[in-house]
Amino acid sequence: MTQAASSAGPVRPGIPAARPDAAAQAFGITPEDYMLPTRGQIQIIDEQGRVRPVAEQGTAPGHEYPLPEGPELLAAYERLVVGRRVNDQNSALVRQGRMAVYPSSHGQEACQVAAALCLREDDWLFPTYRDSVAVMTKGVDPVEAMTIFRGDWHGGYDPTRHKVGIQCTPLTTQLLHAVGVAHAAKLRGEDTVVLAMCGDGATSEGDFHEALNFAAVFQLPVVFFVQNNGYAISVPLSAQSAAPSLAHKAVGYGMAGERVDGNDLVALLAVLDRGVELARNGSGPLLVEAHTYRIQAHTNADDATRYREDAEVQAWLAKDPVTRMRAYLREGGLLDDAAEERIAAAAEATAATLRAGMNAEATIDPQDLFRYVYTTPTPQLVEQSVRLADELSREEDTK
Amino acid sequence: MSQTATPESTTTNVPAAAAAARQASSRAGSAGIPAVRPEPAATSASKPDLGPVTFAKALNTALADALEADPAVVMFGEDIGTLGGVFRITDGLTARFGRSRCFDTPLAESGIVGMAVGMAMNGMRPVIEMQFDAFAYPAFEQIASHVAKMHNRSRGRLKMPMVIRIPYAGGIGGVEHHCDSSESYYAHTPGLKVFVPATVADGYRMLREAIDSDDPVMFMEPKKLYFSKEKVDLEALRAEYEAGTSRTEGRAVVARAGTDATLIAYGPSVPVALAAAEAAAAEGRSIEVVDVRTIVPFDDETVCASVRKTGRAVVVAETPGFASVASEIVARVQERCFHSLAAPVLRVTGFDVPFPAPKLEHYFLPSVDRILDAVDDLQWED
């Protein structure tokens with residue numbers, strides 16, 4: 001591995017370049033210890049928002065995580081508060097009949113925010129249907145992001161503009177798209193990193209396996225980020241996987257895995273920042289598992305009381321990522337009243353944008369049915385579009 | 001709905017098709033896949049190729065020319081790198097263009113197609129190989145839910161310029177899962193184009209076109225034709241393609257002209273239809289054969305012009321007939337040509353059974369005799 005280590009490019013101190021073995025060597029640990037997650041979750045601030053002693057942060061040699069800087073944390077907190085407001089506003093819009101459905105990430109906002117903030121503008125994000133807050137945090141317009149749930153088109157934003165894949169509903173198919181985007185970038189010598197999101201239940205899908213294996217075999221800069229919220233819709237993780245942890249799956253593919261407290265925004269940023277850096281510098285893909293909880297039901301159509309106890313929900317409410325982060329920042333003097341006011345105003349402004357956007361009557365054009373099936377419509381589609389136009393004009397005549 | 005028919009694209013290529021028919025009539029052995037013995041395809045593009053060219057060589061040349069023409073073209077799949085593919089269609093491409101342009105992947109079809117989707121999203125033009133027709137099924141979710149829908153879902157902002165090459169159909173004495181006619185699944189999926197070449201020259205033209213298409217193309221390669229030969233000038237084909245004078249998309253072609261009835265076929269069934277037309281000629285019937293070439297988009301004009309002229313038609317396809325491309329063609333012809341028809345449009349297809357074991361496949365596949373029987377059933381007055 002000396003050859004790989006000696007080809008190290010310009011990197012941050014302590015960050016090695018090229019392949020897991022070289023990374024392990026630079027960290028002074030064995031490749032197995034580099035790839036295996038630490039014995040517990042990485043947690044930097046506790047449930048009351050206090051910084052844990054370094055010895056109790058769940059780290060291990062070669063798995064050390066420096067505390068992110070104050071300004072990064074304050075900016076992340078703002079996005080966290082906005083994200084919470086987005087979730088609650090959208091759930092209200094569903095109840096008011098302005099949106100067809102909204103899979104809320106209430107309780108998981110720290111994961112949502114960190115997944116987008118660890119990336120550069122030209123890095124790609126591949127989200128699922130529950131990751132709307134991550135999509136907006138990456139820069140997508142909130143109303144465009146919600147088009148998919150308003151029901152006037154399957155995808156409302158331009159994926160190439162903010163480098164965000166369209167929110168994916170089939171499970172883990174998007175992880176392979178992430179692998180492909182990373183592969184194309186690598187072939188062209190670009191240093192793009194791709195972060196691909198999925199949930200705990202989705203790790204049972206075949207495409208999860210194929211994506212991780214391809215990423216590892218081709219040594220692609222992909223960070224697989226699993227939000228483990230304990231349940232597929234109703235099926236608990238214990239019925240989904242017998243692995244010691246989802247992060248442990250990484251070592252089977254030859255990539256590094258890590259577990260992190262998914263309600264600790266500080267730890268999430270620390271772990272994902274380093275993961276992205278390692279991926280960017282050629283150490284191959286990584287798998288990060290974040291332990292979190294979906295406070296609300298799967299969607300408005302779901303009844304969570306059929307599969308989980310209220311006591312469990314209450315226990316997780318006590319670990320809420322927003323109150324925890326706020327306590328930490330207030331205690332450290334990083335968040336004052338003025339900043340809180342500014343952040344609350346930003347959250348309200350986003351909510352107002354969403355209300356205005358979702359309450360506006362969407363303009364739909366039936367001819368759009370035919371417009372984007374092929375780059376040029378086939379003669380058969382042209383014929384069908386003419387038929388529909390004729391049908392609609394006759395309906396218009398009889399009005 | 002236009003009922004006029006003056007297809008500008010209608011041409012005849014009788015000698016080429018007749019050669020393919022002769023090739024098809026000498027069946028490969030029935031001892032499994034190696035019965036089709038791959039011949040090494042030359043990779044040097046420098047010397048003119050004026051002799052008989054195999055279908056495999058034409059495809060190989062098209063791939064090489066596409067790699068040469070556009071640095072965004074990239075090829076991957078199972079065994080396509082070092083080995084050159086189990087049918088040698090990518091022979092020599094890794095050696096010539098390097099492992100970043102043509103490479104092997106882990107054995108995972110969904111992975112191959114899903115990775116190609118991501119590459120297409122990020123500026124590449126992937127040309128991927130599924131090793132055999134039935135082995136593409138693990139990739140069906142990626143194909144039906146993403147390859148086919150990405151352009152639509154993104155309101156045209158994302159294009160999917162990718163080609164999924166599939167060695168397909170039977171007639172080679174292949175074992176189970178190696179001979180499926182899967183074109184109907186793909187043709188039924190809006191957003192996909194489906195190309196099925198039947199001649200050596202079309203193999204070259206249609207593959208180049210598929211790779212240059214901004215829409216995803218399912219490129220169905222009839223396995224039994226891989227080592228059929230035609231006298232083809234590859235240099236001329238290349239020049240024609242580059243000049244844009246040999247387009248095939250949405251352009252069916254009259255492969256043999258005739259006046260009494262029309263056989264409509266594609267891919268592996270074209271040589272059989274041509275052989276049937278030849279046999280019919282000996283019996284005094286003049287049969288026209290239309291090669292559909294691209295199932296999607298479908299060329300209603302050329303097909304219907306022929307049927308209106310002859311007044312009788314039989315659709316020939318290897319696929320089980322129920323709810324198939326053959327059914328669709330029959331429906332389209334009857335909707336458009338009803339008043340020109342002297343008899344119902346008939347089908348000669350595979351039976352509605354799983355593709356049979358090697359020793360039974362000749363009972364299943366459309367044959368010259370079965371086609372002639374169908375022609376006889378077209379309510380002749382004499």
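Reminder, nothing fancy here: chain letters follow the sequence lines and each chain counts from 1.
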Quiz item: Do the side-chain N and O atoms of A:Gln174 and B:His146 include a donor-acceptor pair separated by under 3.5 angstrom?
Solution: no
Self-check item: Donor + acceptor pair across side chains of A:Arg188, B:Asn122 (<3.5 Å)
Solution: yes
Any heavy-atom pair between the side chains of [Y] and [X] that's under 4.5 Å?
X	Y	result
A:Asp158	B:Arg155	no
A:Ile166	B:Ser154	yes
A:Trp153	B:Asn152	yes

Quiz item: Got a sec: does the CD1 of A:Ile364 have more than 12 other heavy atoms crowding it under 6.0 Å?
Solution: no
Quiz item: Quick check: are there more than 12 heavy atoms from other residues, nucleotides or ligands sitting under 6.0 Å from NE2 of A:His154?
Solution: no
Closest contact, heavy atoms only, [X] versus [Y]:
X	Y	value
A:Thr173	B:Gln142	O-NE2, 3.2 Å
A:Phe218	B:Thr105	CZ-CA, 4.0 Å
B:Phe298	A:Gln380	O-NE2, 2.8 Å
B:Met124	A:Ala184	CG-CB, 3.5 Å
A:Leu187	B:Val74	CD1-CG2, 4.2 Å
B:Gly114	A:His177	O-CD2, 3.4 Å

Pairwise distance [atom1]([X]) to [atom2]([Y]) - rounded to 0.5 angstrom:
X	Y	atom1	atom2	result
A:Thr376	B:Asp215	OG1	CG	7.0 Å
A:His183	B:Phe76	NE2	CZ	7.5 Å
A:Gln167	B:Arg153	CD	CZ	11.5 Å
A:His209	B:Ser110	NE2	OG	10.5 Å
B:Met115	A:Asp207	CE	CG	12.5 Å

Quiz item: A:Tyr372 vs B:His151 aromatic rings, parallel, tilted or perpendicular, using cut-offs 30° and 60°?
Solution: perpendicular
Exercise. Against chain A, work out which of B:Leu192, B:Asp300, B:Val113 has the most heavy-atom pairs shorter than 4.5 Å and name it.
Key: B:Leu192
Practice problem: Under 4.5 Å, counting heavy-atom pairs only, tell me which of B:Pro126, B:Gly118, B:Ser145, B:Gly156 racks up the most with chain A. | Solution: B:Gly118
Quiz item: Do the side chain of A:Tyr374 and the main chain of B:Pro297 share a donor and acceptor less than 3.5 angstrom apart?
Solution: no
Quiz item: Which atoms of B:Lys149 come close to chain A, meaning under 4.5 Å heavy atom to heavy atom: side chain ones, backbone ones, both, or neither?
Solution: neither
Quiz item: So, B:Arg157 and A:Glu144, do they make that salt bridge, N to O below 4.0 Å?
Solution: no
Exercise. Among the options A:Val382, A:Val181, A:Thr378, pick out the one with the most heavy-atom pairs lying under 4.5 Å from chain B.
Key: A:Val181
Exercise. Determine, step by step, whether A:Leu176 and B:Val117 satisfy the side-chain contact (heavy atoms from CB on, under 4.5 Å) criterion, reporting the C-alpha distance in whole Å, the side-chain angles of both residues, the deciding distance to 0.1 Å, and the verdict.
Key: CA-CA 8 Å; A:Leu176 283 163; B:Val117 169; over 6 Å; no
